[in-house]
Amino acid sequence: MKLFLFIYFLFSSAPTFSKEIAFSFDDAPGWNTHHFSADERADVLIKKLKALEIPSVAIFSNPCNGKDRESTLRQLEKFKQYGHMIANHTCSHPRLDDVGFERFSENIAEADRFLQKLLPSQKFFRFPYLNEGRDEEVRDQVRNWLGKNGYRNGMVSIDNDDYIVSAKINEAKRLGKNIDYKGVEKIFLSHLLGAVEFYDDLAVKRLGRSPKHVLLLHEVDATVLYLDSLVNNLRANGWKIISIEEAYKDPIYLRQPKNTYANNGIISQLVMEKTNERLGYFDFDRLKNELNRKLDL
Ligand SMILES: [Zn+2]
């Protein structure tokens with residue numbers, strides 16, 4: 001029995017130590033805020049990615065949401081020049097369940113035309129809100145459309161709520177509050193690192209291995225402000241940051257689960273398929289309350 005256990009642990013733990021992660025930033029170009037203009041934020045992010053020696057990240061864009069066509073293309077071109085991957089996140093960020101297949105696919109096509117010169121030969125698409133449709137028929141219509149138009153699903157493995165931190169520091173700034181940026185940074189880090197550990201642990205325990213992860217982030221203020229500490233902490237915890245192209249080589253991102261439980265990422269969805277459990281990193285309310293306390297909101 002002891003020998004059996006020893007052999008079991010030897011082999012069962014072997015593939016679980018990869019701890020590799022790639023970054024993706026959604027909703028670019030961002031808006032002018034109380035912290036950055038849209039141009040400044042993109043420039044700061046590009047500089048930080050370079051200084052931190054992060055290989056290519058994915059920029060999931062909504063080009064219709066930019067200030068104007070020229071500045072949107074200029075910002076996205078800059079990311080591409082620095083080796084990052086431009087990807088499609090629809091043109092104006094509709095939710096599939098709200099608009100249905102026809103309007104949704106037209107919105108993807110509009111972004112495709114806008115981004116034509118910036119997209120790589122293997123194009124990636126990410127569903128806004130990770131909403132792949134509650135109706136299987138609609139979901140399959142979109143899957144077919146994506147396949148026919150040369151897209152792969154740019155799914156994430158690690159879902160989280162980074163955007164709320166930015167929304168809260170901007171609300172605080174607007175209200176003239178005195179912002180404890182170091183204190184907010186701690187909250188941001190604990191939420192993000194918690195999400196990374198949660199989904200990696202879930203994958204190892206329920207799916208039997210640690211995949212090459214794709215971390216969901218947004219091109220927003222707090223995420224850009226705190227990127228250095230996030231990267232340093234991940235590396236200190238043994239994580240290797242890999243390119244987005246490398247991460248998407250993991251076959252987990254080619255899976256097309258039957259269930260429609262997609263809004264917490266591929267690990268949650270595959271766990272649901274396997275064990276019927278609806279699991280995810282449900283930290284939103286705690287995070288929001290902690291930010292409200294810290295920022296006196
Ligand atoms: Zn989005």
Side-chain angles (χ1 to χ4, degrees), residues 22-33 36 38 41-42 45 57-67 72 75-76 79 84-100 103-112 114-115 118-119 123-134 138-139 142-143 145-146 151-168 170 188 191-192 195 199 213-224 227 230 244 247-248 253 260-269 280-284 287-288:
F23 287 6
S24 62
F25 294 85
D26 286 14
D27 303 0
W31 297 320
N32 295 340
T33 65
F36 294 109
R41 188 186 313 101
L45 177 56
V57 303
I59 305 293
F60 282 92
S61 330
N62 307 110
C64 290
N65 290 353
K67 196 173 65 177
T72 299
Q75 270 180 44
L76 295 174
F79 279 108
H84 302 299
M85 183 176 90
I86 305 300
N88 189 331
H89 190 40
T90 71
C91 213
S92 59
H93 212 274
R95 184 190 291 268
L96 172 56
D97 279 331
D98 294 342
V99 300
R103 280 172 62 195
F104 192 76
S105 54
E106 179 43 43
N107 208 289
I108 310 173
E110 196 180 353
D112 186 83
F114 201 128
L115 299 170
L118 301 176
L119 296 171
K123 301 187 283 188
F124 283 85
F125 173 74
R126 178 170 297 164
F127 289 80
Y129 314 96
L130 304 181
N131 175 266
E132 297 192 8
R134 72 174 88 85
V138 173
R139 188 267 315 270
V142 180
R143 276 184 183 171
W145 189 96
L146 290 172
Y151 278 96
R152 275 184 56 186
N153 187 348
M155 212 357 170
V156 310
S157 66
I158 300 167
D159 181 34
N160 63 82
D161 301 295
D162 71 323
Y163 59 91
I164 189 78
V165 186
S166 293
K168 290 292 175 188
N170 278 298
F188 174 88
H191 174 72
L192 261 292
Y199 283 107
H213 285 282
V214 174
L215 175 65
L216 171 64
L217 294 168
H218 291 82
E219 206 239 285
V220 290
D221 298 347
T223 305
V224 172
L227 187 68
L230 176 63
I244 191 72
Y248 277 135
Y253 302 104
T260 56
Y261 189 63
N263 59 328
N264 301 298
I266 191 67
I267 293 172
S268 278
Q269 199 178 5
Y281 183 62
F282 304 128
D283 194 41
F284 181 80
L287 174 65
K288 198 175 70 183

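Counting convention: from 1, in listed order, for ligands and their atoms alike. Just so it is clear, the structure is predicted and the values come from calculations on it, not from any experiment. Atoms considered below: every heavy atom in the structure, side chains included; atoms not considered: hydrogens, waters and symmetry mates. In what follows, residues are counted from 1 in the order of the sequence shown.
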Trainee: Only counting residues at least two apart or in another chain, list the ones meeting side-chain contact (heavy atoms from CB on, under 4.5 Å) with P63.
Mentor: S61, T72, C91, A111, F114, L115
Trainee: What I want to check is whether the side chains of N153 and Y151 have a donor and an acceptor closer together than 3.5 Å.
Mentor: no
Trainee: Tell me, please, which residues at least two apart from V57 pass side-chain contact (heavy atoms from CB on, under 4.5 Å).
Mentor: F23, F25, L49, I54, I59, H84
Trainee: List-wise, which protein N, O or S atoms are found short of 2.8 Å from the Zn ion (ligand 1)?
Mentor: D27 OD1, H89 NE2, H93 NE2
Trainee: Applying side-chain contact (heavy atoms from CB on, under 4.5 Å), name anything that partners F282, two or more places apart in sequence or on another chain.
Mentor: Y261, N264
Trainee: Looking at Y248 and G154, would you say the former's side chain and the latter's main chain have a donor-acceptor pair under 3.5 Å?
Mentor: yes
Trainee: Any chance the side chains of N88 and D112 put a donor and an acceptor closer than 3.5 Å?
Mentor: no
